[in-house]
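First comes the structure, then the notes that go with it.
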Amino acid sequence: MPPTPASPPAPPPRTGGPRTTRRREQTRTRLLAAALELLAEQGLARSSVEGVCERAGFTRGAFYSNFTSMDEVVAALYAQRAGRVLEHVRSHLPPCDGAADGPTALPDLVARVLDLLPVDRQWLTVRAEFSAQALRNPAAARVLTGAREELLAQLVPLLSEGLTRTGRVGTTGGDELARAVLAAHEGATAPGAAGGEDGRAFEVRLVTAVLEAFSTPRAAAAPRAGDVR
């Protein structure tokens, strides 16, 4: 009777997986932090992959294993910062319980939300730089558009809850309302937008006016498809 063939050796234990993923995420985080500093100091036109790698302490290979270009880095920064801001706002607003104590005044809610937004001049500089680049570079414009669409998708339910808190309902689709509010916020935080007055007070009035223009008191609203509820 022929001998039974030996079983094949067991494969070596895998060493990748979560540890590799964590290391990759740490690398990506350091690259983004270095890019934010560099872009704020030098602008997008003067920043380079080499400069980001040197500041982060990584090789070009580490950069290109995470990003394909500086435009992609800025898009990732935009998405990262926007996501953090919205999460910060959500976590610091109390749950909406049907407005047991009555609706909140719209300007009060706007002021409260804006007070939760970090004033980050470093990021405002980068945002302005990339917006200017997008005007000249179609590829950069596509990257910025994609990042903004992700932000708007996250902003829609937050605005819906905000209107509920104030006893109002949107008179247009949630996406259009989100675009209007984002445009007001970005315009109000642009350099010199507030003139000689306090920038936050100007932004509260501007965003409040936009929300009033795109909504109505709930009691007076006739139901229609697509309304922000």
Side-chain angles (χ1 to χ4, degrees), residues 36-37 39-41 43-44 74-75 77-94 96 99 102-135 141 144-145 147-218 220 228:
L36 180 63
E37 293 177 359
L39 289 164
E41 293 172 9
L44 182 58
V74 179
L77 279 172
Y78 189 98
Q80 178 194 71
R81 305 290 285 215
R84 287 178 180 176
V85 166
L86 291 178
E87 183 57 36
H88 180 75
V89 171
R90 289 192 191 98
S91 64
H92 285 77
L93 282 176
C96 184
T104 302
L106 185 57
D108 292 340
L109 181 67
V110 170
R112 184 171 184 179
V113 170
L114 293 180
D115 284 342
L116 294 172
L117 300 181
V119 178
D120 188 341
R121 296 196 178 279
Q122 185 184 53
W123 170 241
L124 293 180
T125 301
V126 172
R127 191 185 73 189
E129 283 283 344
F130 194 56
S131 296
Q133 175 77 352
L135 291 175
L144 181 59
T145 298
R148 285 175 62 87
E149 291 300 321
E150 292 183 13
L151 171 59
L152 289 166
Q154 298 179 65
L155 190 57
V156 168
L158 188 62
L159 289 173
S160 176
E161 181 177 345
L163 289 177
T164 298
R165 290 171 183 271
T166 62
R168 301 180 70 87
V169 60
T171 56
T172 185
D175 182 70
E176 185 175 348
L177 174 61
R179 291 180 187 279
V181 170
L182 183 59
H185 168 66
E186 292 183 344
T189 55
E197 65 177 310
D198 177 70
R200 182 50 57 92
F202 172 76
E203 187 178 5
V204 168
R205 291 203 304 276
L206 180 60
V207 174
T208 298
V210 168
L211 286 170
E212 288 177 339
F214 283 81
S215 68
T216 190
R218 181 173 292 275
V228 177

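Since the structure is predicted, the reported quantities are computational estimates derived from the model, not experimental observations.
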Completion exercise
Contacts of Ala40 meeting side-chain contact (heavy atoms from CB on, under 4.5 Å) (sequence neighbours excluded), chain-then-number -> Gln122, Val126
Exercise for the section: Enter the distance from Glu150:CD to Thr145:OG1 here, rounded to the nearest 0.5 Å. Expected result: 11.5 Å
Exercise for the section: Might you point out which heavy atoms bring Val156 and Ala178 nearest each other, and give the distance in Å? Expected result: CG2-CB, 3.9 Å
Exercise for the section: Answer yes or no: is there a side-chain heavy-atom contact under 4.5 Å between Val169 and Leu163? Expected result: no
Practice task
Check side-chain contact (heavy atoms from CB on, under 4.5 Å) between Leu206 and all other residues, then give those that pass, not counting sequence neighbours.
Solution key: Ala184, Ala188, Phe202
Exercise for the section: May I ask you to decide whether Arg112 forms a salt bridge with Asp108, counting only side-chain N to carboxylate O separations under 4.0 Å? Expected result: no
Practice task
Begin from the C-alpha positions of Glu186 and Arg148 and carry the test side chain to side chain contact (heavy atoms under 4.5 Å, CB included) through to its verdict.
Solution key: CA-CA 12 Å; Glu186 292 183 344; Arg148 285 175 62 87; 2.9 Å; yes
Exercise for the section: Work out which heavy atom in Pro107 is nearest to a heavy atom in Thr208; give both atom names and the distance. Expected result: CA-OG1, 3.7 Å
Problem - With Val113 via side-chain contact (heavy atoms from CB on, under 4.5 Å) - residues at least two apart - result: Val89, Leu93, Leu109
Completion exercise
Closest non-hydrogen contact found for Val210 with Ala180 is CG1-CB, 3.7 Å
Handout entry: 4.5 Å side-chain heavy-atom contact, Arg218 and Thr164
Key = yes
Exercise for the section: Determine, stepwise, if the pair Leu211 / Thr166 fulfils side chain to side chain contact (heavy atoms under 4.5 Å, CB included). Expected result: CA-CA 11 Å; Leu211 286 170; Thr166 62; over 6 Å; no
Completion exercise
Here the pair of heavy atoms bringing Ala141 nearest to Ala134 is CB-O, 3.4 Å
